[in-house]
Structures are given as C-alpha cells and as structure tokens.
Amino acid sequence: MSNQNTTAGGKDRNQDTPASSKARNLSGDWRSKAAAPSSNPATPTPKEQPSPPINNSSNYRGDLNNPRNRSANIPDGENCATWWTNLPADCTYQMLFDSLRSIGAISHAVINPPVGIHGTSAAKIEFFERASVDRLLAQASNGHIRGHMRVGGRIPHILMNRIRVAATSNVVDSNMGNGGRGSRVLQVIGDPSIIRQDRLEKILASPPNKVVYGLERARSFTRNDGSHCVEFRFASYLVQAVRARDAFMAQAKRGSLPEEERALWENVVCQFGPDPCE
C-alpha cells in the first residue's frame, strides 16, 4: 500500500499497483545507449561522455568492452554505485526502495535473483549524487529499525560497488516537471479514454518500443480537472523512465491513428515526479 499522497489538485481513485521485478532481464549496455530527455522526443539530446578508462582489478573476468563493466576514472569517495547482498530470494523493487526513504533520488537499480546454490538476491543501486550514498552508509551503520535497515525482513549487507559510477546530472527543462529534475518517476496525464495503466503498458511492450523495465509500483488517480494520471515508479531514470516518456510522447505521430485519438494524444502531458526515496 502506498504511503504517498496524490499530486496537488488530484484525488485518489484506484489503489496502488505493487510490482515485482517480474524476472525481466535488465542487463545490457544501457549506459552507452541512453539519451537525456528532450522536450522534443523526436530530437533527443545525446548524453555525450568520454569513455572512462578501464580500471578494473586484474582478476576481473567480465566483458571489459561493455561500458557497464568499466569503472569511472574517479576516486572511491566520488563513487555513486552501491552493492547490496543478503536480500530476500523473492526481493522486489518495492521491498528494496521502501528501505531507502529519506536517502536520495535513485538513478538506476537492478535486482539479481538467486543463482545456483545461492539462496538470496543481490542488487546494484546507483544514485545521482554522492551525498545520497553517504546518507545511506550512515543510516546502514547507525540503523533505523531496531538498530538495522531491513529489506523484506532481512538485514542487507551494503558495500560500495567495485565498478565505480560518477555522479550524473538529471537537469531537464522546467516544463518537464519535478522542478526541472529528471526522475525515475513518470506521470502520464491526459484524457481517461486513452490514459489507462493497461493501455500504457501495452505501448511500452509493443514494437518498436520494447521498453524493458523494473517497476516499484504504479498508481492511477483522477485529477480535479477531470484528466487521468498514471504514475510509474520505474527502477531506472535514463533507460526506463526517459524511454517510456519518449514512447508515450511519440504516440501522437503514429500514422495509423484516427484524428480524434491523435488530438487526445497531442494533449497528453508526460512529466517527472518526485522520487519517494528522497
């Protein structure tokens, strides 16, 4: 059950929809292909960054040609990636993120389910800012629930991830919501005849979109002006929330749409919302 209030000017209509990791494969070179959001999704602004030098241990046996497996050329004290172990075997993003309130906005997270003889899950969580990592480590050390952080009843072991990740900017146009800060939380607002959770999920799953995502939860509510809002709390900003936003904003340009439906999609607003982990 959600402990979040509706956005200003809105009232709850439906219950939150909890979501699990759904055994989706969230691996891949997402960092190299991701693009920063644009107010014009047809011409996204590429997020250009120089490829960091390979800086891994000589014992590392992963694919060093995959940018995700390269450490950023930064000091340990600037690393924004954390590694969690001893998580429940059935760990979900809702379980994971519920333990992270008042820590900081999450840029990317992925849960690795148990493999082979291992009976627990693990997770990698990246934050936009190093200050969020420092708050997390302080809270994990001091504890806030009977002396310990807990995820699904288990006490997680939290370390800095060996593959270092630098801080990431999430500044977007002010008209894209959340005070001009991009977020893994995406709010889709429009006419209730087209803005429904099941319909939006079909758009994400259909070619050419095929957006693979993890979901903390989704909720739907009707605003005071009669428009409908579906809020998705994804597990990642760039490769999930931004890609989903682009897919929804592109609907009005589909050539096969009846003109009446096209007009409805042209009035759809896709904005970022606050991350409840902040």
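As a basis for the values below, the full set of heavy atoms in this structure was taken, side chains included, without hydrogen atoms, waters or symmetry mates.
In this structure, CZ on R164 lies 5.0 Å from CG on D76, to the nearest 0.5 angstrom. Distance check, rounded to the nearest 0.5 Å: CD1 of I195 to SG of C229 gives 9.0 Å. Note that CG of L136 and CD1 of I125 are 7.5 Å apart. Values are rounded to the nearest 0.5 Å. To the nearest 0.5 Å, the span separating CD1 on I158 from CE on M149 amounts to 4.5 Å. Between the NZ atom in K124 and the CG atom in N112 there is a gap of 10.0 Å [rounded to 0.5 Å]. The line from OG of S121 to CD1 of I111 is 7.0 Å long, rounded to the nearest 0.5 Å.
Counting all heavy atoms, side chain and backbone alike, Q197 lies closest to V230 at N-CG2, 3.8 Å. Contact detail for R130 and N79: the closest heavy-atom pair is NH1-O, 2.8 Å. The shortest non-hydrogen separation linking R154 to L87 is CD-C, 3.7 Å. What you find for Y213 and L204 is that their closest heavy atoms are CE2-CD1, 3.7 Å. Scanning all heavy atoms of the two residues, the minimum distance from S183 to G273 falls at OG-O, 2.8 Å. Closest approach of V151 to C91, counting heavy atoms only: CG1-SG, 4.0 Å.
Proximity of the aromatic rings of F128 and Y237 is defined here by a centroid distance below 6.0 angstrom, and this criterion is met.
With salt bridges taken as basic N to acidic carboxylate O contacts below 4.0 Å, none links D198 and K202. E201 has no carboxylate O lying under 4.0 Å from a charged side-chain N of R199, or vice versa, which leaves the two without a salt bridge. With respect to the salt-bridge test (charged N to carboxylate O, under 4.0 angstrom), the residues R181 and E278 qualify. A salt bridge is absent between R262 and E260; no separation between the charged side-chain nitrogens and carboxylate oxygens falls under 4.0 Å.
The closest side-chain donor-acceptor pair between Q187 and E231 falls under 3.5 angstrom. Side-chain N/O atoms of W84 and T82 include a donor and acceptor closer than 3.5 Å.
The aromatic rings of F232 and F234 sit parallel, their planes meeting at an angle under 30°, below the 60° perpendicular limit.
Cation-pi geometry between R184 and F272 is not satisfied (NZ or CZ under 6.0 Å from the ring centre, within 45° of the ring normal).
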